[in-house]
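Chain naming here is simple, since letters A, B, ... match the order of the sequence lines and numbering starts at 1 in each. Hydrogens, waters and symmetry mates are skipped; everything else that's a heavy atom, side chains included, is used. Nothing here was measured: the structure is a model prediction, and the numbers come from that model.
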2 protein chains.
Amino acid sequence: MEDKKRLKLIKEVLASPRNQKEEVMALQDAIYVIGGKWKLPIINSICNGNKRFRDIERSIPGITTRMLSKDLKEMEANQLVKRTVLPTSPVTVEYTATDYCRSFGDIILEMIKWGKQHRERVIRTPAKS
Amino acid sequence: MEDKKRLKLIKEVLASPRNQKEEVMALQDAIYVIGGKWKLPIINSICNGNKRFRDIERSIPGITTRMLSKDLKEMEANQLVKRTVLPTSPVTVEYTATDYCRSFGDIILEMIKWGKQHRERVIRTPAKS
DNA sequence: GTAACCAGTATAACGAAGTATACCAGTATG
DNA sequence: CATACTGGTATACTTCGTTATACTGGTTAC
């Protein structure tokens with residue numbers, strides 16, 4: 001049984017070229033960063049000029065405080081947004097997109113293009129065999 | 001001048017209030033189609049030349065038979081992959097990427113690029129600046 | 001003084017996504 | 001005859017994203 005496992009492992013290792021694993025990891029990183037239901041709408045909202053927590057919240061129908069808070073934290077950790085506390089009389093918090101976030105522009109553009117084509121295609125194609 | 005055009009387009013896409021809703025929908029469509037942990041690695045594997053079920057499975061470390069089977073079915077339904085049964089003596093099954101799927105190539109490449117940069121960046125930067 | 005705004009946190013629960021493990025029929029190999 | 005390959009399916013379980021609801025401490029306005 002040990003031999004069996006070992007042989008299987010050897011086969012696995014031999015079957016995958018070296019950099020493939022790295023590419024899969026990179027892909028999954030990117031998926032993780034923009035994955036989930038709300039991150040892209042949040043990016044979109046912030047890039048659209050919304051800076052305050054409640055403004056962003058109100059601009060995205062259906063989102064809860066908890067999800068917005070959680071995603072903003074993750075995105076801050078991933079350096080996609082910058083959180084700034086302003087020393088106004090009731091402290092206000094500003095969220096802004098980083099240049100790094102905007103470096104996602106190419107991907108977002110491609111995905112928008114693709115998503116639109118896909119929608120058209122799926123609507124036009126009822127079933128296929 | 002290419003960059004200028006691109007930047008202008010990005011700005012339009014990210015900042016235009018009118019098409020915002022449609023674009024977020026398109027984005028979420030794209031995320032839905034390629035979402036989850038394994039779909040992009042699967043596309044990548046098939047585009048890398050793997051055709052057989054077990055070959056694809058072995059090329060993606062960590063994936064289970066169940067997830068591969070499930071995702072391949074969804075991707076077939078979304079016309080991203082074509083499944084062909086060959087009348088060989090033990091029947092073999094071939095999975096191939098559709099042209100439609102290959103139209104995703106640019107996005108995958110961009111995401112791999114971005115993911116690699118991101119990993120480097122997050123590893124190198126303990127706190128933000 | 002109480003109502004409403006701000007920027008969130010706390011707690012619990014739900015359901016989908018993903019994991020683990022075993023198993024199937026059919027075919028070839030030793 | 002046993003083993004291992006093929007392309008998967010079945011069942012049970014766990015994890016995690018998401019939702020729902022309530023609450024906090026501080027501040028301004030009525």
Asker: To the nearest angstrom, how far is B:I63 atom CD1 from C:dA20 atom P?
Answerer: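 About 13 Å, once rounded to whole Å.
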Asker: At their closest point, which heavy atom of A:T98 faces which heavy atom of A:Q79, and how far apart are they?
Answerer: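 Closest pair (atom of A:T98, atom of A:Q79, distance): OG1-O, 2.9 Å.
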Asker: Got a second to check how far A:I34's CD1 is from A:L80's CG, nearest 0.5 Å?
Answerer: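 Rounded to the nearest 0.5 Å, the CD1-CG separation comes out at 10.0 Å.
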Asker: Do the non-hydrogen side-chain atoms of B:W38 and A:Q28 ever get within less than 4.5 Å of each other?
Answerer: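 SC-SC contact between B:W38 and A:Q28 confirmed.
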Asker: Find the distance A:I56:CD1 to C:dC6:P and express it as a whole number of Å.
Answerer: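 After rounding, the gap between these two atoms is 13 Å.
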Asker: Listed by chain and number, what are the side chain to side chain contact (heavy atoms under 4.5 Å, CB included) partners of B:V93, not counting sequence neighbours?
Answerer: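 Partners of B:V93 by the side chain to side chain contact (heavy atoms under 4.5 Å, CB included) criterion, ordered by chain and then number, come out as B:R83, B:V85, B:Y95.
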Asker: What distance separates A:R102 CZ from A:I46 CD1, expressed to the nearest 0.5 Å?
Answerer: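 Answer rounded to 0.5 Å: 10.5 Å.
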Asker: The side chain of B:S69 lies closest to which of these nucleotides: C:dC6, C:dT19, D:dT9?
Answerer: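 Of all the options, the side chain of B:S69 is nearest to D:dT9.
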Asker: A:K39 and A:E74: side-chain contact (heavy atoms from CB on, under 4.5 Å), yes or no, with the steps?
Answerer: CA-CA 9 Å; A:K39 292 209 185 80; A:E74 283 178 32; 3.1 Å; yes
Asker: Could you state the atom-to-atom distance from CD of B:E74 to P of D:dG8 in whole Å?
Answerer: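 It works out to 15 Å between those atoms.
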Asker: In whole angstrom, what separates A:E94's CD from C:dC6's P?
Answerer: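 Between P of C:dC6 and CD of A:E94: 15 Å.
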Asker: How many Å lie between CD on B:E57 and C1' on C:dA20, as a whole number?
Answerer: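 One finds 13 Å between C1' of C:dA20 and CD of B:E57, rounded.
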Asker: Which whole-number value in Å describes the distance from A:M67 CE to C:dG15 C1'?
Answerer: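 Atom-to-atom, A:M67 to C:dG15, this comes out as 14 Å.
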Asker: Classify the side chain of A:R66 and the base of D:dT21 as holding, or not holding, a donor-acceptor pair under 3.5 Å.
Answerer: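 Absent.
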Asker: Using only side-chain N and O atoms of B:R52, determine if any of them is under 4.0 Å from OP1 or OP2 of D:dG8.
Answerer: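 For B:R52, the contact criterion (side-chain N or O under 4.0 Å from OP1 or OP2 of D:dG8) is not met.
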Asker: Between B:K70 and A:T65, which residue's closest nucleotide on DNA chain D lies nearer the 5′ terminus?
Answerer: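 Comparing both residues, the 5'-ward one is B:K70.
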Asker: Roughly how many Å is it from CD1 in A:I42 to C1' in D:dG17, rounded to a whole number?
Answerer: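 Rounded to the whole Å, the gap is 13 Å.
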Asker: Among residues 28-39 of chain A, which residues get a heavy atom nearer than 4.0 Å to DNA chain C?
Answerer: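 By residue number: none to list.
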Asker: Counting only side-chain heavy atoms from C-beta out, which of D:dT9, C:dT19, C:dG8 sits nearest to B:K73?
Answerer: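 That would be D:dT9.
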Asker: Rounded to whole Å, please give me the gap between CG in B:D55 and C1' in D:dT6.
Answerer: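 Going from CG in B:D55 over to C1' in D:dT6 covers 11 Å.
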Asker: Under the side chain to side chain donor-acceptor pair (under 3.5 Å) test, which residues partner A:D71, sequence neighbours left out?
Answerer: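 With sequence neighbours excluded, A:D71 shows a side chain to side chain donor-acceptor pair (under 3.5 Å) to no residue whatsoever.
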